[in-house]
Amino acid sequence: MSDKRYNHKDIEKKWYDFWIEKKYFEAESKSDKPSYCIVIPPPNVTGSLHIGHALDITLHDIMVRWKRMSGFNTLWLPGTDHAGIATQNVVEKNLQAEGIDRHVLGREKFIEKVWEWKKLYGGTIINQLKSMGASCDWSRERFTLDEGLSKAVKEIFIRLYGEGLIYRGDYIINWCPRCQTALSDLEVEHEDVKGKLYYIKYKLAYEDGYITVATTRPETYLGDTAVAVNPDDDRYKDLIGKTVKLPVLNREIPIIADEFVDASFGTGAVKVTPAHDPNDFEIGRRHNLPIIKIMNGDGTMTEEAGPYRDQDRFTCRKNVLNDLEDLGHLEQVKDHDMAIGHCYRCRTIVEPYLSKQWFVKIKPLAEEAIKAVREGDVKIIPSGWENSYFAWMENIKDWCISRQIWWGHRIPVWYCKSCDEVIVSAETPKKCKCGSDNLKQDEDVLDTWFSSALWPFSTLGWPDNTDDLKTFYPTSVLITGFDILFFWVARMIMMGLKCMGKQPFDHVYIHALIRDSAGQKMSKSKGNVVDPLEMTGKYGTDAVRFTLAAYAAQGRDIKFDEKRVEGYRHFLNKIWNVARFITMNIDDNTEIKPVKELPKDVLSLANRWILSRLSTVCSEIDTALKEYRFNDSASILYQFIWHELCDWYIELIKPELYGEDIEIKNATISTLLHVYEVALALLHPFMPFITEEIWQTLPSPKDAESLCIRKYPVAEEGIKDSDAEEKMGVIMDVVTGIRSIRGELNISPSLELKALIKTLNGSENILNENIPYITKLARTGEIEIGKDIQAPKNSATAIKPSMKIFVPLEGVIDVDAEIARLTKERDKAEDNVAFLKRKLHNKEFINKAPKAVIEETKVKYKDSLEKLSIADVSIEKIKQWGKSDGDQNNG
RNA sequence: GGGCGGAUAGCUCAGUUGGGAGAGCACAGCCCUUACAAGGCUGGGGUCACAGGUUCGAGCCCUGUUCCGCCUACCA
C-alpha cells in the first residue's frame with residue numbers, strides 16, 4: 001500500500017486462488033435464493049484466448065459478480081466445445097508432422113490420440129479464462145463430449161428421429177474436399193469474387209446448329225445430363241425435345257423445358273448437372289434425369305470425366321477450357337461477379353456435392369423459435385438483431401448434421417447387413433430383429449453445433465431431471481457476439497423449446513465484434529491481432545476488463561485502441577492512491593463509525609454532498625446494468641470516482657482532516673471510508689482484483705470476508721440530499737469562478753488571492769458557512785461576502801447565476817487580458833440573449849411549446865440578460881481603472 | 001439481388017421519449033500544492049456526411065443521395 005503506483009503483478013493470482021479456495025463461485029443446486037444462471041459460450045478446446053473471448057468473459061463476469069453480490073444463487077457454468085473439424089484438423093496436422101497418417105492409424109487409435117491431445121492442451125483456454133478473473137463455477141465444468149452430454153445428444157437424436165424430424169437421404173450438400181466432409185449451409189463462407197462466365201456451344205445431335213449455355217463452372221459440363229430452357233422462351237421453343245452432344249465426351253443429352261430457367265440470364269439456356277448443383281439436382285428430379293458424378297470427395301475427377309479422370313478439379317477446369325476452345329466450343333468469356341463458398345474451417349472452396357447425409361427437418365422447430373422471440377419469452381438485446389433472427393428463421397433450410405470425420409458424437413444408428421433394417425439406439429444393439437448380428441454403426445459423427453445446441457440444458461444434467469436443471473433452467477441471459485447468432489443462439493432456442501418446452505434463456509445480449517484501431521477485422525494473416533494476454537500482462541487484467549466494458553456500447557463494433565487501456569490503467573492508479581490517502585490520514589486515535597451512526601449535525605456539507613451523489617450513482621449503476629449498458633456504467637463510475645470523489649470531495653475535506661476538531665475529523669474520515677468502500681464494491685464486477693486487494697486492507701466496518709460476497713450497493717448506501725447538492729453547486733461555482741480567473745489570466749497557483757463576492761439571491765449564508773472550502777480550493781486568503789459588495793479597483797470578475805465574484809489583482813492584473821477575457825464572456829452572453837429573445841418573441845413558440853420549456857427559456861433569458869449587463873459594466877470599469885492606472889504610472 | 005448498421009471535436013466514441021451538443025484521449029497555458037506528474041488547475045476546438053421535408057423548434061422523426069462496414073442469397 002506504500003507504493004505510489006498500483007502494481008497488478010502478484011495480486012491477481014493471489015486473490016483468484018483465494019476466491020476459488022473459499023468456493024465463492026460455486027452455486028447451490030437447491031436454494032431459497034432467486035437463481036441467476038449464465039452458461040458460457042463454450043470456446044473451442046483447441047482455442048486460445050483472443051480479444052473477442054476477453055470481451056465475452058468480461059461482460060459475463062460483470063453480470064455474474066453483480067448478481068452474486070446482489071444475493072442471487074448465481075451459476076456461471078463453464079466448459080469447452082470439442083469443435084469436431086477444427087480439433088481433428090489440429091491433431092491430424094500434428095500427426096502428419098510425425099509422419100503418421102490418420103487413415104493408417106485407424107479410427108479408434110486416432111480418437112485416442114485426440115483425447116490425449118485434449119488432456120494435454122485442452123486446459124489452455126480454461127486457464128486463460130481464469131486469468132481474466134472469470135468467476136465460473138469450475139466444479140460444474142463441462143465438455144461437449146462428456147458422458148452426460150453425449151447421453152443428451154443421443155437422447156435428442158433418437159427423439160427427433162422418432163418424430164420424423166431427423167431423416168437421412170441423398171441430397172446436394174456443401175462439401176469440403178480438403179476436410180472431406182459435408183458442411184451445413186452456415187459453415188460455408190461466401191466471398192465476392194470477379195469471376196468469368198463461359199459460353200459453351202453444344203451442337204445438336206441430328207442436325208446442324210447448336211445451343212449455347214453459360215456457366216461459371218465449365219468443368220461440370222462433363223456431368224451434364226440435359227440442357228434446360230424456359231418453356232415460354234420463343235428462341236428455343238423449337239429445340240425442346242431435341243438432343244445435343246456434349247463436346248469431347250460425345251454423350252447425347254436432351255433439351256428440356258423448365259420454369260426455373262430465367263430467360264434473361266446468360267443465353268437463357270442452362271446446362272443441367274444434377275450431381276453437382278442444387279438447382280440442377282431439383283431439375284433432374286423433376287425430369288427424371290440421370291445423375292452422373294464426375295468428382296470424387298477429394299476434388300479429383302472420376303472416371304465419368306473420361307480423359308480428365310484423376311485430374312484435380314481446378315486443373316481439369318483449365319484443360320476443359322483449353323480443349324473447348326481448341327474444338328471451337330467456347331463461344332465467349334465474360335466477366336462475372338459472383339460469390340464463392342469457402343469452408344469456414346480451412347478456407348478451401350467448397351463443392352456442391354451429392355451424397356447421403358442426415359438432416360434435421362427444421363421448419364417445425366423454427367416456427368416455435370420464432371414465436372418465442374415474437375412473444376417476448378426470449379428478448380434479444382439490442383432489439384435490432386430480432387430482424388436478422390426472424391429473416392433467417394423464416395427462410396431456414398433443413399440442417400445437414402452428419403459429418404464425415406471421426407472426432408465427435410457418432411451417429412447412434414446401426415444398419416443390419418442382412419435385412420437393411422435401420423436401428424436407432426442409445427446403446428449398441430446386439431442383434432437385429434431379423435436375428436442377424438451383422439450390424440454396422442453409421443460411420444458419421446454429428447455436427448458439433450448439434451451438441452452445442454443442447455448446451456443450456458445438457459450441461460445442467462438433462463435428460464435426467466436434476467436439481468440443477470430445476471434450479472437454473474431457463475437460464476437468465478446468453479451473452480455472445482452476433483457471429484454465432486444463427487450457428488448457436490437460434491439453434492439453442494429451437495432445441496430448448498423442443499426438449500424442455502421452455503426457452504433456454506430469457507435474454508440474449510448480443511455484443512459487438514472487436515476490430516483493430518483502424519476498423520479492420522482482426523486476423524492472424526493481417527497481423528493486427530490484439531493479444532488480450534499481452535494486454536493484461538502489461539496493464540493488468542482489471543484495466544483491460546474496464547476498457548472492454550467501457551467500449552461495449554450497444555450495437556456498434558469496437559475499434560480497439562491500446563491507448564485506451566493505458567488510460568484506464570491511470571484510473572486504477574487513481575483508485576489506488578485514494579487508499580493511500582486514507583491510510584495516511586488514519587492513526588491510532590481515529591475512530592471509525594458506520595455512516596448511519598454519525599449524527600447528521602457533525603456531517604459537513606462536503607460529506608452530505610458526496611453521500612448524496614453516491615446514492616445517485618448506486619441507482620444509476622443499477623439501472624445501467626439491468627439494461628446491459630456496460631459502457632454507461634463504466635463511465636458513471638469513472639466520472640464519479642475520479643472527478644467527484646477525488647477532484648472535489650477529497651480536496652474539500654482536507655481542511656477537516658488536517659483540522660483540530662476530532663469529532664469532525666472522525667466523521668469525515670468515516671464518511672470517506674464509507675463512500676470509498678461502496679465505490680470499490682460498485683467497481684468490483686468490473687475490476688475484481690484491485691478492488692479486493694484494497695478492500696481487504698481497508699479499516700472499514702465489514703460484514704463479509706471478501707468483496708465478492710459483499711452485498712452489492714443499492715441507493716440507500718448513500719443518502720439523497722438535494723439541499724446539500726444545491727449548496728455544493730454554489731460552492732463549486734465560486735471555486736471554478738476564481739480558478740478561471742486565475743487560469744485565464746495566468747496567475748500563479750501559489751499566489752493567494754483575495755475574493756469579494758456580491759451575492760444576488762440570498763446565497764450569503766451558504767458561502768459564509770463554507771468559507772474554508774473556498775479558501776482551500778480556490779487558494780484565496782481574505783474573502784468578503786455580501787449583497788452590497790462593490791467591485792474594487794483593478795479587479796477581475798466572474799459572473800455566476802447567484803453571485804458576482806471580484807478578484808482584486810493589484811499589481812498582478814494584466815488589464816488587456818482581463819478585458820479580453822470579459823469581452824469573450826460578454827459576447828457569448830450577447831449571442832445567448834439574441835437567440836433566446838428571438839425564441840420568446842416567436843408567437844408560435846409561445847403558443848405551442850410546453851409551458852415548462854417556455855418557463856425554462858424565460859429563466860435562461862433573464863440570466864443571460866443579467867450576465868450581459870454585468871459583463872458590460874465590468875468591462876467599462878476595468879477600462880477606467882486601466883486609464884487611471886496609466887495616469888498614476890505617468891504621474 | 002435482399003436486409004441491417006454507421007457517418008457527431010484532431011482520434012475513439014456517448015447522446016434513452018425532438019427543446020442551441022458531451023466524455024476520454026490528443027492539443028495549448030500554468031503548476032513537482034505533503035494520495036496520485038500514470039497527477040492538478042485552466043483553456044482552445046464541432047455546418048452533428050449531403051439535399052429536401054415535417055415541426056414553433058431536428059444530431060434525434062420522414063424522403064432521397066454519397067461514402068463505409070456487415071449479414072444474407074440456388075440467377076447458371
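Letters go in sequence order (proteins before strands), and every chain restarts at 1. None of these values were measured; they are calculated from a predicted model.
For B:rU16, neither phosphate oxygen OP1 nor OP2 lies less than 4.0 angstrom from any side-chain nitrogen or oxygen of A:Tyr628. The side chain of A:His570 contributes an N or O atom lying less than 4.0 Å from OP1 or OP2 of B:rG39.
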Checklist outcome for this item: 5' to 3', nucleotides 71-76 of chain B under a 4.0 Å protein heavy-atom cut-off (B base, S sugar-phosphate only, - none) gives SSBBBB
Next on the checklist: I'd like to compare against my own output: the B/S/- annotation of nucleotides 57-62 of chain B with a strict under-4.0 Å heavy-atom distance to protein.
Outcome noted: ------
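The two residues A:Leu55 and A:Ala512 come nearest to each other via the heavy atoms CD2-O, 3.8 Å.
Side-chain atoms of A:Lys574 come within donor-acceptor range of the base of B:rC36, with a qualifying N/O pair under 3.5 Å.
Within 4.0 Å (heavy atoms only), A:Tyr539 reaches no atom of the nucleic acid at all. Residue A:Pro850 is classed as a base contact, given a heavy-atom separation below 4.0 Å to a base. A:Asn395 comes within contact range of no nucleotide atom at all, as no heavy-atom separation falls under 4.0 Å. Contact annotation for A:Trp648: no contact, since no heavy-atom pair falls under 4.0 Å across all strands. Note on A:Phe571: nothing from the nucleic acid sits closer than 4.0 angstrom, heavy atoms only. Among the heavy atoms of the strands lying under 4.0 Å from A:Ser740 are primed sugar atoms or P, OP1, OP2 only; no base atom is included. Within 4.0 Å of A:His643, counting heavy atoms only, lie sugar-phosphate atoms of the nucleic acid but no base atom. Here A:Lys860 lies in heavy-atom contact (under 4.0 Å) with sugar-phosphate atoms only. The residue A:Glu566 sits apart from the nucleic acid: no heavy atom pair falls under 4.0 Å. In this structure, A:Ile846 reaches neither bases nor backbone, as no heavy-atom distance under 4.0 Å exists between it and the strands shown. Among the heavy atoms of the strands lying under 4.0 Å from A:Arg569 is at least one base atom, whether or not backbone atoms are also near.
Taking atom P in both B:rG10 and B:rU72, one finds a spacing of 36 Å when rounded to whole Å. Nucleotides B:rU17 and B:rG59 place their C1' atoms 15 Å apart, quoted to the nearest Å. Look at the P atom in both B:rG15 and B:rC60: the space between them is 15 Å, to the nearest Å. A gap of 11 Å separates the P atoms of B:rA9 and B:rC50, to the nearest Å.
Rounded to the nearest 0.5 Å, atoms CE (A:Met535) and CZ (A:Arg569) are 11.0 Å apart. The CG atom of A:Asn832 sits 11.5 Å away from the OH atom of A:Tyr861 when rounded to the nearest 0.5 Å.
For A:Pro231, the side-chain contact (heavy atoms from CB on, under 4.5 Å) partners at least two apart in sequence or on another chain are A:Ala257, A:Glu259. With sequence neighbours excluded, the residues satisfying salt bridge (Lys or Arg N to Asp or Glu O under 4.0 Å) with A:Asp233 are A:Arg235. Taking A:Phe630 as the reference, A:Tyr509 meet the ring-ring contact (aromatic ring centres under 6.0 Å, His included) condition, with sequence neighbours excluded. Residues forming a side chain to side chain donor-acceptor pair (under 3.5 Å) with A:Arg286 (at least two apart in sequence, or on another chain): A:Asp258. With sequence neighbours excluded, the residues that form a salt bridge (Lys or Arg N to Asp or Glu O under 4.0 Å) with A:Lys538 are A:Glu562. Residues passing the salt bridge (Lys or Arg N to Asp or Glu O under 4.0 Å) test with A:Asp587: none are found, sequence neighbours excluded.
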Without placing hydrogens or testing angles, list every side-chain donor-acceptor pair under 3.5 Å for residues 273-280 of chain A, not counting sequence neighbours.
| unit_1 | atom_1 | unit_2 | atom_2 | d |
| --- | --- | --- | --- | --- |
| A:Thr273 | OG1 | A:Asp224 | OD1 | 2.7 |
| A:Thr273 | OG1 | A:Lys271 | NZ | 3.0 |
| A:His276 | NE2 | A:Ile294 | N | 3.0 |
| A:Asp277 | OD1 | A:Asn279 | N | 2.8 |
| A:Asp277 | OD1 | A:Asp280 | N | 3.1 |
| A:Asp280 | OD2 | A:Thr273 | N | 2.7 |

Side-chain polar contacts of residues 838-846 of chain A - donor-acceptor pairs under 3.5 angstrom, sequence neighbours left out - could you list them?
| unit_1 | atom_1 | unit_2 | atom_2 | d |
| --- | --- | --- | --- | --- |
| A:Asn842 | OD1 | A:Glu844 | N | 2.9 |
| A:Asn842 | OD1 | A:Phe845 | N | 3.4 |
| A:Glu844 | OE1 | A:Lys848 | NZ | 3.1 |

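Residues A:Val565 and A:Phe560 meet the side-chain proximity criterion, which asks for heavy atoms closer than 4.5 Å. You'll find the side chain of A:Leu698 reaches within 4.5 Å of the side chain of A:Tyr676, heavy atoms only.
Taking the side chain of A:Trp642 as heavy atoms from C-beta on, and the options B:rG44, B:rG40, B:rU12, the nearest nucleotide is B:rG40. Between B:rC41, B:rC56, B:rA23, one nucleotide has an atom nearer to the side chain of A:Asp647 than all others, and that is B:rC41. Checked against B:rC36, B:rG43, B:rC56, the side chain of A:Lys4 finds its nearest nucleotide in B:rC36. Which of B:rG43, B:rA38, B:rG40 sits closest to the side chain of A:Arg5 comes down to B:rA38. Nearest nucleotide to the side chain of A:Ala553, out of B:rG43, B:rG19, B:rA14: B:rA14.
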Item to check | Pair assignment for RNA chain B - dot-bracket with | for other-strand partners, Watson-Crick or G-U under 3.5 Å | outcome: (((((((..((((.....[..)))).(((((.......))))).....(((((..]....))))))))))))....
Between the protein and nucleotides 1-3 of chain B, are there any N/O to N/O pairs under 3.5 Å, and if so, what are the atom names and distances?
none

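Toward the 5' end of RNA chain B, the nearer of the two residues A:Val578 and A:Val735, judged by each one's closest nucleotide, is A:Val578. RNA chain B is contacted by both A:Arg779 and A:Asn631; A:Asn631 maps to the nucleotide lying nearer its 5′ end (nearest heavy atom per residue).
Between A:Tyr344 and A:Phe487, a ring centre-to-centre spacing shorter than 6.0 Å is recorded.
A cation-pi arrangement is absent between A:Arg5 and A:Trp576 under the rule of less than 6.0 angstrom and at most 45 degrees off the ring axis. Relative to the six-membered ring of A:Phe686, A:Arg545 misses at least one condition, a distance below 6.0 Å or an angle of at most 45° to the axis.
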